[in-house]
A.B. asks: 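Below is one structure. I have some questions about it.
Lettering follows sequence order; numbering is per chain, from 1.
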There are 2 protein chains.
Amino acid sequence: MSAWKEGSDARLPLYQRLREEIMDRIASGEWPPGETIPTEAELTRRYNIAVGTVRRAIDTLVNEGLLERSQGRGTFVRRPDFDASFFRFFRQVNAAGQSRVPTSRILSASLQTPPPAAAKALELTEHESCICLERLRAMEDGSLLAEKIWLPASRFSGLLEIPLEQFDNLLYPFYEARFGQSIGSARETLTIDSADAATADMLGIAPRDPVVVIERTALGYDRTPLEYRCSMGAAATFRYQIEIS
Amino acid sequence: MSAWKEGSDARLPLYQRLREEIMDRIASGEWPPGETIPTEAELTRRYNIAVGTVRRAIDTLVNEGLLERSQGRGTFVRRPDFDASFFRFFRQVNAAGQSRVPTSRILSASLQTPPPAAAKALELTEHESCICLERLRAMEDGSLLAEKIWLPASRFSGLLEIPLEQFDNLLYPFYEARFGQSIGSARETLTIDSADAATADMLGIAPRDPVVVIERTALGYDRTPLEYRCSMGAAATFRYQIEIS
DNA sequence: GGTCAAAATTCATATAGATGAATAGATAAC
DNA sequence: GTTATCTATTCATCTATATGAATTTTGACC
């Protein structure tokens with residue numbers, strides 16, 4: 001009566017196998033974000049392993065930020081907070097030390113043939129169309145962020161019928177609520193460029209002024225690319241701090 | 001017969017107290033980088049706690065990158081690899097995927113009154129002088145990095161007598177070997193600026209071109225600031241990648 | 001001296017169980 | 001109904017122990 005899935009490699013340590021089992025359950029949506037996973041005692045019974053081993057598997061996932069423990073309540077599937085990590089790049093911490101979500105406004109939404117970068121990131125062929133959103137975000141300090149966002153049209157059908165004012169400030173919960181598409185992880189690349197005329201105008205800076213370009217590919221829990229976005233902000237407001245040890 | 005230090009807070013869990021004990025021993029130089037710490041069995045005896053608790057304390061420190069385990073050999077105090085983390089910012093990965101240490105040349109070394117930023121970072125008063133090094137580093141792809149490095153003169157006496165050619169390519173092992181000053185951690189801040197004429201000339205770019213400025217304060221294991229450095233590179237060669245999950 | 005094999009050391013994995021602390025839900029008292 | 005208390009659940013900490021795997025040390029042997 002083994003509860004292990006087929007893919008599980010018996011040569012691996014038990015705690016690693018359990019870790020992958022849990023990740024699979026999260027990826028498949030069986031244990032959705034925000035909900036609890038089974039209790040330690042339950043997992044102990046289900047897989048017939050010791051509590052210590054279960055705790056170790058959960059420990060690693062908590063460490064990786066996939067799970068969150070709460071004494072007395074249970075262990076929850078964590079909803080990753082992308083915006084905190086993203087806006088850390090810019091000077092977006094107020095006096096209290098906490099970052100506020102900037103206000104944002106969708107400028108346009110349209111159906112397009114994906115440009116090469118977007119097609120590559122979203123793994124689309126030339127024949128598959130995508131939705132392109134243009135968005136302007138205003139930071140607390142008054143600086144601006146110009147964004148272009150590409151989504152695979154097949155997974156977001158009906159989005160173009162939604163009036164632009166009805167888009168939420170945060171897009172990922174919006175994707176989840178309206179289209180059932182949950183973002184589980186993302187890859188970002190940060191480069192520096194010079195502003196072209198159109199971008200400079202949007203950001204309120206001079207042409208040729210340096211801009212920070214952040215390209216992000218956001219993936220679902222099953223690692224399917226769900227969104228490609230390119231954000232540009234004036235480099236003068238950029239600041240990134242890191243501790244090394 | 002308690003082996004605990006005085007500062008240890010008895011209200012804290014044992015594994016956290018042991019974690020701090022180990023950190024203190026590393027900070028004080030009692031357990032120097034590159035060497036092993038006592039074995040799990042030894043710590044078990046010394047503090048009269050269970051192996052599981054010792055392992056948990058070590059686990060967290062391994063996770064934080066301070067220690068490194070090696071089955072059958074022991075647990076070692078890790079020597080942090082700053083350059084890997086630093087050059088990750090730039091396109092410094094060759095075909096094999098591994099980054100090579102760039103060649104560097106010291107242009108000058110002199111005794112100075114610290115400029116405000118350096119004085120603040122090194123916690124020096126106006127009356128304490130510091131050593132200033134100017135260095136140029138050539139990356140594999142041909143791009144350059146111009147650096148100014150400030151050191152508290154009191155801790156690096158005799159440095160100015162060393163011929164510039166005898167400086168090692170990597171400064172931190174050099175500090176450790178020649179002056180007994182080990183770097184344990186660092187704080188970096190990354191911003192974007194426009195190149196002034198002198199910097200542009202050094203880097204071989206046009207004036208006003210965007211440059212990446214990395215300010216680093218390097219601390220000893222006891223968290224005394226030992227070095228302040230300011231590195232500038234052409235923003236065009238800059239690239240930073242991050243995974244969020 | 002050099003080589004190979006056995007032994008000792010040290011971390012890695014796993015089990016079992018005890019006590020404590022935070023939370024949530026049910027029950028009793030008012 | 002509201003409040004206070006008790007109880008069950010669930011994770012947190014800690015102990016104790018056993019077996020396995022990687023590495024180093026030791027010692028016999030040639």
A.B. asks: Can you measure B:Leu18 atom CG to D:dC14 atom P for me and round it to whole angstrom units?
C.D. replies: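 My rounded result for the distance is 10 Å.
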
A.B. asks: Please give, in whole Å, the distance from D:dT10 P to A:Phe76 CZ?
C.D. replies: 11 Å

A.B. asks: Inspect the contact between B:Glu40 and B:Arg69 and indicate whether a charged nitrogen and a carboxylate oxygen are less than 4.0 angstrom apart.
C.D. replies: yes

A.B. asks: If I take atom CG in residue A:Asp59 and atom P in nucleotide D:dC14, what distance separates them, rounded to the nearest angstrom?
C.D. replies: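 Going from CG in A:Asp59 over to P in D:dC14 covers 14 Å.
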
A.B. asks: Taking the side chain of B:Arg69 as its heavy atoms from C-beta onward, which of D:dT15, C:dA22, C:dC11 lies nearest to it?
C.D. replies: C:dC11

A.B. asks: For B:Arg45, is there an ion pair with B:Glu42 - N to carboxylate O distance below 4.0 angstrom?
C.D. replies: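 Yes.
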
A.B. asks: Using a cut-off of strictly less than 4.0 Å, decide whether B:Ser70 has a side-chain nitrogen or oxygen near OP1 or OP2 of C:dT10.
C.D. replies: no

A.B. asks: Do the side chains of A:Arg46 and A:Glu21 get close enough for a salt bridge, i.e. N-O under 4.0 angstrom?
C.D. replies: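 Looking at A:Arg46 and A:Glu21, the cut-off is not met.
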
A.B. asks: Measuring to OP1 and OP2 of C:dT15, would you say a side-chain N or O of A:Thr53 lies under 4.0 angstrom away?
C.D. replies: yes

A.B. asks: Side chain of A:Arg55: nearest nucleotide among C:dC11, C:dA14, D:dC11?
C.D. replies: D:dC11

A.B. asks: Rounded to the nearest Å, what distance is computed from the CD atom of residue A:Glu42 to the P atom of nucleotide D:dT9?
C.D. replies: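 Going from A:Glu42 (CD) to D:dT9 (P), I get 13 Å.
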
A.B. asks: Taking ring pair (Phe, Tyr, Trp, His ring centres under 6.0 Å) as the definition, give me every residue that meets it alongside A:Phe156, ordered by chain and number, with sequence neighbours left out.
C.D. replies: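 Residues passing ring pair (Phe, Tyr, Trp, His ring centres under 6.0 Å) with A:Phe156: A:Tyr175, A:Phe179.
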
A.B. asks: Side chain of A:Pro13 only, heavy atoms from C-beta on: which candidate in C:dT10, C:dT13, D:dT15 is closest?
C.D. replies: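 Selected nucleotide (nearest to the side chain): C:dT13.
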
A.B. asks: Roughly, in whole Å, what's the span from CZ in B:Arg17 to P in D:dC14?
C.D. replies: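 Nearest whole value for this atom pair: 9 Å.
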
A.B. asks: Rounding to an integer number of Å, can you tell me how far A:Glu68 CD sits from D:dA12 P?
C.D. replies: 11 Å

A.B. asks: In whole Å, I'd like the distance from the CG atom of B:Leu12 to the P atom of D:dC14.
C.D. replies: 9 Å

A.B. asks: Which one, C:dA14, C:dA12, D:dT23, comes nearest to the side chain of A:Tyr15?
C.D. replies: C:dA14

A.B. asks: Check ring pair (Phe, Tyr, Trp, His ring centres under 6.0 Å) between A:Tyr47 and all other residues, then give those that pass, not counting sequence neighbours.
C.D. replies: A:Trp4

A.B. asks: Given C:dT13, D:dT23, D:dT15, identify the nucleotide with an atom nearest to the side chain of A:Arg56.
C.D. replies: C:dT13

A.B. asks: The side chain of B:Leu14 is closest to which nucleotide in this list: C:dC11, D:dT15, C:dT15?
C.D. replies: D:dT15

A.B. asks: Any carboxylate oxygen within less than 4.0 angstrom of a Lys/Arg side-chain nitrogen, looking at A:Arg73 and A:Glu68?
C.D. replies: no

A.B. asks: Over how many whole Å does the gap from B:Gln16 atom CD to D:dA12 atom C1' extend?
C.D. replies: 11 Å

A.B. asks: Could you please name the option among D:dA12, D:dT15, C:dA24 that lies closest to any side-chain atom of A:Gln71?
C.D. replies: D:dA12

A.B. asks: Name the nucleic acid region contacted by A:Val51, choosing base, sugar-phosphate or nothing; use a 4.0 angstrom heavy-atom cut-off, strictly under.
C.D. replies: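 Answer is nothing: A:Val51 stays at 4.0 Å or more from every strand.
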
A.B. asks: Could you tell me whether the phosphate oxygens of C:dT10, OP1 or OP2, come under 4.0 Å of any side-chain nitrogen or oxygen in B:Thr75?
C.D. replies: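 For C:dT10, neither OP1 nor OP2 has a side-chain N or O of B:Thr75 closer than 4.0 Å.
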
A.B. asks: Tell me which of A:Gly72 and A:Ala50 sits closer to the 5' end of DNA chain C, going by the nucleotide each one is nearest to.
C.D. replies: A:Ala50

A.B. asks: Look at the side chain of A:Glu40 and decide which nucleotide, out of C:dT15, D:dA21, D:dA12, has an atom nearest to it.
C.D. replies: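 Closest nucleotide among those given: D:dA12.
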
A.B. asks: When all nucleic acid strands are considered with a 4.0 Å heavy-atom cut-off, which category describes B:Ile58: base, sugar-phosphate, or nothing?
C.D. replies: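 Result for B:Ile58 = nothing.
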
